[in-house]
Amino acid sequence: MAEEVSGAPGDAPSRRKFFLITGWSSLGLFLAGAGAAFAKYFYPGVLYEPQTTFNAGKPSDFVKPANPNETIVDERFKKSQRVWIMRNTNGIYVMVAVCTHLGCTPNWFPGEQRFKCPCHGSNYNTQGEVVAGPAPLPLFRAKLSIAPDGSMIVTTGLLGIKRAELQYKKGVLLPRWTDEEKKDIAKAPYFLELKA
Amino acid sequence: MSQTPGHGGDQKPGKLKILADYIQSTDAWKSFFRTGYPDSLLKRMAVMRSSFVMHILPTKVGVHGLKLGYTWCMGGITLFLFLMLTLTGVILMFYYVPEEHRAFTDMKDLKFMVPYGMIMRNMHRWTAHAMVFSVIVHMARVFYTGSYKPPRQFNWVVGVILLKLTLLLSFTGYLLPWDQLGFWAVTVGTNMASATPLVGYEGPFSEFLGIRVDNDIRFAIIGGTRIGPNALIRAYVWHCVGLPLIASGLMVFHFWRVRKDGFSGPL
């Protein structure tokens with residue numbers, strides 16, 4: 001375009017070509033803009049979904065198990081937030097109830113102390129580690145923090161589906177926590193230590 | 001072949017011109033514009049004969065093409081099934097409301113309370129299964145008779161897009177009953193989209209574009225980060241309006257192209 005137009009001013013065919021190119025470019029720009037606007041239309045600005053951050057109540061609302069090997073699984077936020085609040089003798093942690101295989105919701109079986117996914121049979125222990133089935137990763141943890149009034153604020157990652165950062169950064173897929181990760185999930189923000 | 005009359009005389013061709021020549025020499029370009037630039041009377045005739053929408057009939061039809069057993073008519077059966085799906089689908093739309101709290105009960109009502117509702121729903125469902133089957137058999141026939149070969153290669157491409165649309169129509173229909181089967185199938189199916197390179201939040205290179213779970217391609221498909229009411233209405237609109245419209249347009253083109261190219265030679 002440039003060499004044609006700048007070549008000879010007043011040259012009729014060049015000018016015609018210039019108008020032709022300008023016209024088609026304008027149409028192209030217009031269509032590109034319209035296409036982009038159409039694509040953007042599919043990204044809603046407001047979502048009517050559960051908040052990613054919610055108040056899970058006071059730590060004292062969750063029963064402490066008598067046996068140090070036992071973990072009590074609280075299912076009261078499973079339906080609304082898709083998380084389990086886990087209470088062991090040391091403290092509280094929150095597990096995201098999304099099977100890492102294909103994203104279904106596992107169920108808790110207290111008698112066996114296991115989570116089982118109904119779809120393809122992934123089994124998890126109370127640490128979220130895979131003990132059977134096809135799941136490639138342990139269940140993810142949600143972040144826990146304490147509000148000024150002493151209640152717990154749970155953040156389910158980005159709406160509860162985003163992978164826990166610790167696994168993501170390493171770029172490895174292991175169905176069980178590594179020793180390094182075990183240290184990470186045993187402290188804040190993934191674990192709330194409670195004395196007494 | 002594809003040279004346009006230049007204005008520059010004997011000056012060297014610019015980069016744009018070289019690019020244009022290259023584009024016009026590709027198979028994809030020749031599939032759309034089959035005769036090249038019509039700079040001779042013969043080529044103008046060829047444009048009219050092979051590409052102009054007014055000339056819908058082929059210039060000639062081989063005797064073998066008129067034999068009834070030649071094509072198995074699976075393409076025609078596919079069209080018939082598509083029309084039947086449209087008809088039964090519209091009838092189902094009178095009762096079904098794509099709303100979280102109504103979808104499942106509406107489907108149950110259709111089955112048990114609406115006169116002839118059960119047969120309409122089952123016709124819609126089984127016809128959809130049959131359409132997937134007939135499309136695949138149609139493609140097998142086209143493959144085994146070599147009908148995908150030039151000059152029909154572009155129509156094969158259109159056909160493959162139509163196959164994808166057929167599968168997508170089945171998939172978008174899956175969510176609509178809003179039962180456990182469809183809900184989790186669509187959960188799993190759309191999770192795959194999040195692994196798309198660049199535009200899926202779990203896919204490779206997505207971090208360079210700042211793709212998150214709430215702005216990736218899966219988000220655009222289901223209108224949220226989880227399967228919910230937005231996903232339901234989107235599946236419904238794509239299923240009832242969007243995809244059938246696209247498929248209809250491509251089908252018209254597909255059939256027109258079949259007529260233009262005539263039938264392939266006998267086996």
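Every chain is numbered from 1 and lettered A, B, ... according to where its sequence line falls, protein lines coming before strand lines. Since we're looking at a predicted model, the values are computed, not measured.
- Closest heavy-atom contact between B:T187 and A:G103: CG2-O, 3.9 Å.
- A:P44 approaches B:G223 most closely through the heavy-atom pair CG-O, 3.8 Å.
- Atom CD of A:Q113 has more than 12 neighbouring heavy atoms from other residues, nucleotides or ligands inside a 6.0 Å radius.
- A:E49 places no side-chain N or O within 3.5 Å of a backbone atom of B:G224 that could act as its donor or acceptor partner.
- Inter-residue side-chain proximity for B:V188 and A:C104 is flagged as met; some heavy-atom pair is nearer than 4.5 Å.
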Anything under 3.5 Å between a donor and an acceptor, one on a side chain of residues 231-247 of chain B, the other on a protein residue two or more places apart or in another chain? List them.
unit_1, atom_1, unit_2, atom_2, d
B:R234, NH1, A:F42, O, 2.9
B:R234, NH1, B:A220, O, 2.6
B:R234, NH2, A:F42, O, 3.4
B:H239, ND1, B:L169, O, 2.9
B:H239, ND1, B:T172, OG1, 3.1
B:H239, ND1, B:G173, N, 3.2

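- Counting non-hydrogen atoms of other residues, nucleotides and ligands closer than 6.0 Å to CZ of A:F54 gives a total above 12.
- Every residue two or more places apart in sequence or in another chain that forms a side chain to side chain donor-acceptor pair (under 3.5 Å) with A:S151 is listed here: A:N55, A:D149.
- Shown here is A:F109, whose CZ atom has more than 12 heavy atoms of other residues, nucleotides or ligands within 6.0 Å.
- Between A:L102 atom CG and B:W184 atom CH2 the span is 11.0 Å, to the nearest 0.5 Å.
- When every heavy atom of B:N215 is checked against every heavy atom of A:Y43, the shortest pair comes out as O-CE2, 3.4 Å.
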